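Take a look at the following structure, please.
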There are 4 protein chains.
Amino acid sequence: MLKGYTVPLSPKGEANGAMAPPWHYAGDVVGVEFWTDPAAAEATLPEGLSPDPETSGRVVAYFFDWQFNGENDEYLDPVYSQYREFFVLVDAHYDGQPVSWCPYIYVDNHHALARGLVQGFPKKIGQVHQTRVFASPGKASPTPAPGARFGASVSCDERTLAQARVTLEKPLDDPSPLLSRATINLRHFPTLEVGKYDKPAVHELVRMDYGDQQLAEVWIGSSEIEFYPAPREELADLRPVRSGMGFRGSMSYNVTQVFPLG
Amino acid sequence: MLKGYTVPLSPKGEANGAMAPPWHYAGDVVGVEFWTDPAAAEATLPEGLSPDPETSGRVVAYFFDWQFNGENDEYLDPVYSQYREFFVLVDAHYDGQPVSWCPYIYVDNHHALARGLVQGFPKKIGQVHQTRVFASPGKASPTPAPGARFGASVSCDERTLAQARVTLEKPLDDPSPLLSRATINLRHFPTLEVGKYDKPAVHELVRMDYGDQQLAEVWIGSSEIEFYPAPREELADLRPVRSGMGFRGSMSYNVTQVFPLG
Amino acid sequence: MLKGYTVPLSPKGEANGAMAPPWHYAGDVVGVEFWTDPAAAEATLPEGLSPDPETSGRVVAYFFDWQFNGENDEYLDPVYSQYREFFVLVDAHYDGQPVSWCPYIYVDNHHALARGLVQGFPKKIGQVHQTRVFASPGKASPTPAPGARFGASVSCDERTLAQARVTLEKPLDDPSPLLSRATINLRHFPTLEVGKYDKPAVHELVRMDYGDQQLAEVWIGSSEIEFYPAPREELADLRPVRSGMGFRGSMSYNVTQVFPLG
Amino acid sequence: MLKGYTVPLSPKGEANGAMAPPWHYAGDVVGVEFWTDPAAAEATLPEGLSPDPETSGRVVAYFFDWQFNGENDEYLDPVYSQYREFFVLVDAHYDGQPVSWCPYIYVDNHHALARGLVQGFPKKIGQVHQTRVFASPGKASPTPAPGARFGASVSCDERTLAQARVTLEKPLDDPSPLLSRATINLRHFPTLEVGKYDKPAVHELVRMDYGDQQLAEVWIGSSEIEFYPAPREELADLRPVRSGMGFRGSMSYNVTQVFPLG
């Protein structure tokens, strides 16, 4: 009997791209809030979601340096467990409640991609980078302090898709508003039969369940972000018309499930 | 209404990792036939397949340099359309007929990975290489001729998993036996709900349908292949106990569908 | 006594990034001739070279798929021996003779980079791709024939720097004009002492010596090429103002030496 | 007049792989001290260095996550400025003084490679990883504390060359002994003329000059490290026979020069 969670299933159940949960995460984030044309934001929403009437056009872009862990100290094997990720979350409404929707997301690790597809994150492979802080001072590392600056970028298929800059102003004493919206994803797995390309085998909205979610050392400030058009990418259609808050900090949580909606 | 085939679905339907078929392929292959412990081969088979009693333990390893094309001249954008792939096919029986089963497969391009998952190929990202032939002669390129040698290798997560060597002996006049077995895949998409990790949302055997399949300039000869153990990989459990034919040539086909079984 | 050719020197002399010559090469090329602003071309020339008065502003861009070989069948280890390369050659005069000068060159393999630096090629790491021909016919592969099209691209540091397109018209019966100009390189190794950053330890013009150089299956036709600005890159300052011949074929040669000039 | 520091020299002087100093660095390090066969250590020494009679066979392996900065806020462009590096330093004597010698070093960024070659570090391209600490707690990140564990690895040409593990015991109050030895490098640039492959154009021992060198948050503890043989690599000839101290912390310094010896 084959074992494992995602493919490949195998005799020992070790070869799978993603092992079964629980999945533990810790990471650093450089984030940028901005507003785009509300029609562009709305165009990315799946059936079942509608614009948030209070914040229509609001998007938050996240550049993450992540470290994953499973049940077997996988964090000690950084080739397997570390990855970097970029995604945007669009403000929306589901059933009258404010939620977030992720139209585009890129990671640089195929195990993270495998986990993401199961969660309904529409992951592609990309390269993501952010300025880091190191404990030893000097001109090569910012220190979290007023005026400290952080750069970040993402590319896919050898083209830079976005570049951002965050300048810190002050610590965020209560970071909980950063976590106030539920994230709604779309688990989707197509059919490969003639005449049924638009009849997916799986197509269901789910609500992410983040366990033990924590934020630490979050600072906020000002931000800039720019998107660049590229073939077969639509991220640039969410081009910013107004910039908002920037932030930089650390986050951790775990994942064991999603909740199917409707 | 969101458009596209695989995720991400998007307003224009261009951002998807894999566009809807038809999918056209052309490539070069270095192939190695070998025999492993029949129990090791059998252990990789999904429910519904059984060992082929006539060839139990027979496996063929393929190293491919591929070029993909869709309906819009994607072959002119080689960043998108080219990829290299390694996989093994294990001889098996389905419903009393000789078939092939693919337990492990690696590609170096995320678009190829997205197409593969829909087909039921259990793709992970890996790096694959094979010796090439160039038209201009010299010491840096073999010429298809008796004694010509080709090397090939595959790695995943920074570890070499297999290395192979093929030495040509003669052209294969009728390559059709190389295509005689149907390939059976397993489309599989997990559930992410506590208590249901082993109740996948999709789990169905399918038969691949290769359209207009052609082989060209196929030579056969002798072969060597070696597998190397690595964390979270089970390919090395199919270690060769006897080597068989090696081959090198070109192949093309297209894909529009798979046939669900049972 | 340490052995080897380039660093690292080592007890066995096997760890060096580049082994001592002879170096054998075979490859496929997609090439594009174009004219840029003569002042932009001249600005790239080192002291000792002057514009070619007959062809001032003429540049040829080359996208190569290469296979290297040394004295020990290194072509059988494609991870080591294969690489892809982009470079531009600017028409110039040296000592009254027509020559070529390479201002910018990118490769995707660090062993090729190590060999190039010794030859005076100013290599950086980049990603290079070109449409390939496969022997098995179909919609995924062009066949060298009138109207066949080839795409090519190069990126560095996650930004696409150039994209090209060649459409074949006819075979080139005598490809020797493609090889008529000597290539002049600049071997350059800086000093790392305060006040001497501009007093390099090595700074010498050399003439490349290509042994047993051959071309095969060369077709010519029309071409397009576009350069894209990027931080810390100056390739785009050679932007085309007029396009010339495109070509596609195979080349092989070997290298054992360069000739110091002056 | 062409400008720049390393190749390519160019009209604006911006295209060079490495700009002229000053070079500023900050990074995290996972380090492992071990003893190898003294004859193996001695075999890596260049002419001019001899074994340290007090510590013969002692080697320290370093896995670094680095961030570079020049004079123009390059740390805000992490694609350019971040890199990861592995190297070993062998204890030796120069002119009767205890020094360190670097026989092998790998980096994942070609700009870092270009700077290293000028300094006399024998860099090749490799992939390097280390477990990271994140401020937000949880099962995916160690906290610097007794018993905290860190993993690290390096690969080159798709083969893992070394894996290490460090378990922290206590903070290191005075980390200055970690910096007590001068590092001696060999600047080496070959000649490419027949008969002169062993007569390099540059071949000089230099002493590194680290400016404003600082360490922070250094912990020490126990360590494990294993080397793996690979084609064209000799690192595994330094295989450990006895393990020593492990450490983990942060470091910063700057570089403007080296001092030629003799």
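Naming convention: chains lettered A, B, ... in sequence-line order (proteins, then strands); numbering from 1 in each chain. Everything quoted here is computed from the prediction, not taken from an experiment.
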State, with a plain yes or no, whether a side-chain heavy atom of C/His188 is found less than 4.5 Å away from one of D/Leu9.
yes

Side-chain heavy-atom pair D/Asn16, C/Arg232 within 4.5 angstrom cut-off:
no

Please examine the side chains of C/Tyr80 and D/Pro231, heavy atoms only from C-beta on, and report whether any two atoms are closer than 4.5 Å.
no

Determine the minimum heavy-atom distance between D/Val258 and C/Glu193, stating which atoms define it.
O-CG, 3.8 Å

So which atom in C/Asp237 and which in D/Lys12 form the shortest heavy-atom distance, rounded to 0.1 Å?
OD2-NZ, 2.9 Å

Once you round to the nearest 0.5 Å, how far does CG of D/Asp108 lie from CD1 of C/Ile125?
11.5 Å

Please tell me if the side chains of D/Arg187 and C/Phe189 come closer than 4.5 Å, counting only heavy atoms from C-beta onward.
yes

Is it the backbone or the side chain of D/Cys156 that comes under 4.5 Å from a heavy atom of chain C, or both, or neither?
side chain

Report yes if some heavy atom in the side chain of C/Val118 is under 4.5 Å from a heavy atom in the side chain of D/Tyr197; otherwise report no.
no

Shortest non-hydrogen contact between D/Thr191 and C/Tyr5, atoms and distance:
O-OH, 2.6 Å

Chain D: which of C/Asn109, C/Asp198, C/Leu45, C/Leu235 shares the most heavy-atom pairs with it under 4.5 Å?
C/Leu45

Starting at CG of D/Leu49, measure out to CG of C/Leu2 and round the result to the nearest 0.5 Å.
9.5 Å

Heavy-atom pair with the smallest gap, counting every atom of D/Ala15 and C/Glu234
N-OE2, 3.1 Å

Flag the pair C/Trp23 / D/Leu192 as yes when at least one side-chain heavy-atom distance between them is below 4.5 Å, and no otherwise.
yes

Of all heavy-atom pairs linking C/Lys124 and D/Gly17, the shortest is CD-CA, 3.9 Å

D/Glu204 versus chain C, the contacting section by heavy-atom distance below 4.5 Å:
neither

Rounded distance (nearest 0.5 Å) linking atom CG of C/Leu117 with atom CG of D/Leu113
8.0 Å

Spatial distance of atom CD (D/Glu47) from atom CE (C/Met1) [nearest 0.5 Å]:
5.0 Å

Residue part contacting chain C, namely of D/Pro103, when any heavy atom lies under 4.5 Å
backbone

Hey, does C/Lys123 have a side-chain heavy atom less than 4.5 Å from the side chain of D/Pro8?
no

Where does C/Pro200 contact chain D at under 4.5 Å (heavy atoms): side chain, backbone, both or neither?
neither

From C/Lys196 NZ over to D/Gln257 CD, what is the distance, rounded to the nearest 0.5 angstrom?
11.0 Å

Any idea which of D/Pro21, D/Ala201, D/Ala43 has the most non-hydrogen atom pairs under 4.5 angstrom with chain C?
D/Pro21

Could you check if a side-chain atom of C/His110 sits within less than 4.5 angstrom of a side-chain atom of D/Asp157, using non-hydrogen atoms only?
yes

Between C/Ile105 and chain D, which part of the residue has a heavy atom less than 4.5 Å away: side chain, backbone, both or neither?
neither

Specify which of C/Leu186, C/Asp77, C/Asp209, C/Val206 makes the most heavy-atom pairs with chain D at under 4.5 Å.
C/Asp77

